[in-house]
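Accompanying notes for the structure given below.
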Amino acid sequence: MPLDEETRLVRKGAPPKGGSVLARTVNPPVQRGSTVLMPNAASLYDDSQLTYGITGLSSPANLQLALAELEGSPDVTLYPSGLAAITGVMLALLKAGDEILVVDSAYKPTRRFCDRVLTRFGVTTTYYDPALSPEALMALCTPATRMILLEAPGSLTFEMQDIPAIAAAANARGVLTLIDNTWAASFYFKPLAHGVTISVQALTKYVGGHSDVFMGSAATADNVIGNQLGDAMWDIGWSVSPDDAYTVLRGLRTLATRLPVHQDKGLEIARWLQGRPEVARVLHPALESDPGHALWKRDFTGACGLFGVVLRPASQKAVHAFLDALDLFGLGFSWGGYESLAIHCDPQLKNRTLPVKLEGPLLRLHVGLEATGDLIADLERGFAALARA
Ligand SMILES: *Cc1c(COP(=O)(O)O)cnc(C)c1O
């Protein structure tokens, strides 16, 4: 019996049973799908098979394989944003009564989650000074301490931490370590090889690399934890879009080529800024003058294009005049794309537990792939406006 037109419109052009009509392209196909058609009835409840699109079709699965290479672990979980990777790991692993130690220089929304959400679930957060020695940090642990969150260099203030020593001490005590490794993009620093339990990064930044997509990842060398992270994705109901996974994977292909360029251009601008009379200090661990330089040199193999600039005392009006005079540096949050960005940071520093003592206003620059001569001319325009204000 020939099929009715209504039926033919539903069925024609669908992938055939037992095969694929796809040609082999350089990049994986973007497979969009909620339903996955199973080959037979027995497969429907077979947990070893992919039975629902939420667990990741071709592009997320291929992205996970590539990130496994970057992180040095086969166990990589994808999240719909970088922040979701941090909160997802915490939701998967913490329970009521637990305590978590969070570095005071952590990404600000991480702190908001601890203060606004974890508190409601009976998890207590203690913020610690990034300058604490590993011994002093471990002395803050109580029997309820379940996790230590690290971030190095710290957000906005760029403090380094002795990550291997903290990870070793935490491991010996049975405390989990979670690092926000977005600055090094897991290219210039490999947390798992340094003993950290879970390496998280915002793929939104350098891995995506083009300021056009949100995603985060968590990698671990611990199978049990890896399974808990995967289970929590099911439990909470999160997934990543196949189109976004495709976009992030395309960014990842050129990460190793882009990052050294951001590093070199960033250092050139940082050194130029060090020579400016308006600048009190540049916060960049790859500079020999930086207090975190020795740790950075020991553990990291490079630096990205993001750093801080402490100005000599200047009014808010003068700082705004500096930023408003910039043309090539866009004024905007996030970073890691191909373009240069600038923000002023002081409104964000007020939320910290420990007072931040700086000589003057703090700026953060992201140095993109533009010619450094043009970027320096842009900053000179900013300094001229600062002087006039
Ligand atoms: C941007 C950022 C995040 C969050 O990433 P989103 O994808 O924007 O949620 C987390 N940590 C650090 C250090 C970041 O800079």
Side-chain angles (χ1 to χ4, degrees), residues 60 63 67 71 76-91 102-114 116-117 127 130 149-161 163 177-189 191 196 198-219 236 238-241 243-245 247-249 251-252 255 259 262 266 283-285 292 300 303-308 330 332-337 339-343 345 348-349 351-352 362-368:
L63 174 60
L67 286 170
E71 298 282 354
V76 177
T77 308
L78 299 176
Y79 298 85
S81 71
L83 181 59
I86 297 164
T87 65
V89 168
M90 289 185 182
L91 288 173
V102 173
V103 67
D104 202 32
S105 51
Y107 178 62
K108 195 178 141 206
T110 297
R111 167 181 221 111
R112 194 174 59 211
F113 178 77
C114 294
R116 291 168 51 87
V117 181
Y127 295 99
L149 184 135
L150 305 137
E151 189 176 323
S155 273
L156 308 177
T157 39
F158 298 90
E159 301 90 341
M160 291 300 297
Q161 296 187 262
I163 301 161
T177 46
L178 162 64
I179 189 168
D180 183 338
N181 197 40
T182 304
W183 189 86
S186 293
F187 181 72
Y188 284 138
F189 179 67
V196 175
I198 304 145
S199 163
V200 162
Q201 66 162 316
L203 304 170
T204 308
K205 307 289 163 62
Y206 280 113
V207 175
H210 295 74
S211 308
D212 56 359
V213 67
F214 284 103
M215 203 170 290
S217 62
I236 298 170
W238 275 340
S239 69
V240 301
S241 134
D243 298 86
D244 290 349
T247 305
V248 173
L249 181 58
L252 177 54
L255 179 71
L259 264 185
H262 286 285
L283 311 180
H284 190 319
F300 285 52
C304 70
L306 188 81
F307 57 89
F333 294 101
S334 201
W335 43 276
E339 82 294 2
S340 292
L341 292 170
I343 58 167
C345 307
Q348 288 197 56
L349 298 176
N351 292 68
R352 297 209 173 165
L362 176 62
L363 304 176
R364 186 186 73 185
L365 297 184
H366 176 253
V367 174

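Whatever order the structure lists them in is the order used to number ligands and atoms, beginning at 1. Values below: all heavy atoms of this structure, side chains included; hydrogens, waters and symmetry mates excluded.
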Ligand 1 and Ile86, any nitrogen or oxygen pair closer than 3.5 angstrom? no
Ser217 and Gln201 side chains, donor-acceptor separation under 3.5 Å: no
Less than 3.5 Å between some nitrogen or oxygen of Asp180 and one of ligand 1, yes or no? yes
Aromatic ring proximity Phe189/Phe300, centre distance under 6.0 Å: yes
Just by distance, with hydrogens left out, do Ser105 and Glu151 show a side-chain donor and acceptor under 3.5 Å apart? no
Around atom 9 (O) of ligand 1, find the nearest protein heavy atom and jot down its residue, atom name and distance. Leu83 N, 2.8 Å
Test side chain to side chain donor-acceptor pair (under 3.5 Å) applied to Tyr127 - qualifying residues, sequence neighbours left out: Asp115
Under the rule for ring-ring contact (aromatic ring centres under 6.0 Å, His included), what residues qualify as partners of His262, not counting sequence neighbours? Tyr206, His366
Of Ile86, Leu149, Ile179, the residue whose pairing with Val200 passes side-chain contact (heavy atoms from CB on, under 4.5 Å): Ile86
How far is atom 8 (O) of ligand 1 from its nearest protein heavy atom, and which residue and atom is that? Phe214 CE2, 3.7 Å
Does any N/O atom on Thr204 come nearer than 3.5 Å to any N/O atom on ligand 1? yes
Checking a contact table here: which protein heavy atom is nearest atom 6 (P) of ligand 1, and how many Å away? Gly82 N, 3.4 Å
Enumerated ligand 1 atoms positioned under 4.0 Å from heavy atoms of Ser155: 13 (C)
Quick note on ligand 1: atoms under 4.0 Å from a heavy atom of Glu151 include exactly 13 (C)
So is there a nitrogen or oxygen of Ala202 less than 3.5 Å from a nitrogen or oxygen in ligand 1? no
State the atoms of ligand 1, each with its element, that fall below the 4.0 Å cut-off from a heavy-atom position in Trp335. 15 (O)
Please walk me through it: do Arg352 and Thr157 pass side chain to side chain donor-acceptor pair (under 3.5 Å)? CA-CA 11 Å; Arg352 297 209 173 165; Thr157 39; 2.7 Å; yes
Can you tell me which portion of Lys205 lies within the under-4.0 Å heavy-atom range of ligand 1? Options are side chain, backbone, both, or neither. side chain
Can the positive tip of Lys205 be found less than 6.0 Å from the middle of the six-membered ring of Tyr107, inside 45° of the ring normal? yes
